[in-house]
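One structure is given below, encoded as structure tokens.
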Amino acid sequence: RPVRVGKTASFDGNGAVVIPAAAVVGASDFTIEAWAKGVGEIFRKERLSGNSLCLTVTADGGAEMAFDTFNPSYAIPDAAKRLKEAVAGLGLADGSWHHVALTCSKGGVGTYTVRLYADSALAATVPSVPLKLDGGDLVIGDGFFGEMCGFRFSPSALDVEAFLRLEEVPGMAVIVR
């Protein structure tokens, strides 16, 4: 189970923070970000029949974004109907604190451009991801080994300048800080 240590949440790989029916991730742009020290799943946005998106820090210090898609004609690289984008060499598993953020900008009908930022630098861009977002749960830290703080959601696709500011943004939820 996640426990609070000082001003951080500590995860041992056996628990998670679940925000039920988190419709906070809706039809427009959004950002999910956190400060993390460790490896494993930072978050996933579930949908009522699967997951919409997931961000994981890998043991080699990279990151993996995974997206369930809802368009059967979309080219899916594996049998699990998941589009995965792995980014190696980010140095995220070195035992230090790192800022990670996933921004999603609404594109065409049902598609988003997803950007991964690591330590305020753009690490990857995946265009035209057909995400299905609904009232499923937002799950933080499931299978994560380490600590997190400053986990937050914003109802806009933030830029690097906004990551560095700690003031409140209208509509933002700060989970642990």
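Minimum interatomic distance between Phe11 and Gly141 (heavy atoms only, all atoms of both residues): CD2-O, 3.6 Å. Annotation for Val114 and Cys104: closest pair CG2-SG, 3.9 Å, computed over non-hydrogen atoms. Pairing each heavy atom of Leu92 with each of Ala118, the nearest pair is CD2-CB, 4.2 Å. Among all heavy-atom pairs drawn from Ala101 and Glu33, the shortest one is CB-CB, 3.6 Å.
Looking only at side-chain heavy atoms (C-beta outward), Asp29 and Thr103 stay at 4.5 Å or farther from each other. Residues Phe151 and Ile32 have side chains in contact (heavy-atom distance under 4.5 Å, counting atoms from C-beta outward). Under the 4.5 Å side-chain criterion, counting only non-hydrogen atoms from C-beta, Thr8 is in contact with Trp97. By the 4.5 Å heavy-atom criterion applied to side chains, Asp119 and Leu90 are not counted as neighbours. Side-chain contact between Phe43 and Leu53 is present, with heavy atoms from C-beta onward closer than 4.5 Å.
Atom CG of Leu158 sits about 12.5 Å away from atom CZ of Arg115, to the nearest 0.5 Å. Atom CG of residue Leu122 and atom CG of residue Leu116 lie 8.0 Å apart, to the nearest 0.5 angstrom. Rounding to the nearest 0.5 Å places OG1 of Thr31 at 8.0 Å from CZ of Phe153.
No side-chain donor-acceptor contact under 3.5 Å links Ser105 to the backbone of Ala157.
Partners of Thr58 under the side-chain hydrogen bond (donor to acceptor under 3.5 Å, both in side chains) rule, at least two apart in sequence or in another chain, are Asp60. Listed by chain and number, the residues in a side-chain contact (heavy atoms from CB on, under 4.5 Å) with Ala36 are Ile42, Phe144, Met148 (sequence neighbours excluded). Residues passing the side-chain hydrogen bond (donor to acceptor under 3.5 Å, both in side chains) test with Glu41 are Arg44, sequence neighbours excluded. Take His99 and apply the ring pair (Phe, Tyr, Trp, His ring centres under 6.0 Å) test, not counting sequence neighbours, and it matches Trp35, Phe163.
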Side chain to side chain contact (heavy atoms under 4.5 Å, CB included) between Ile140 and Ile19, worked out:
CA-CA 8 Å; Ile140 303 166; Ile19 302 171; 4.2 Å; yes
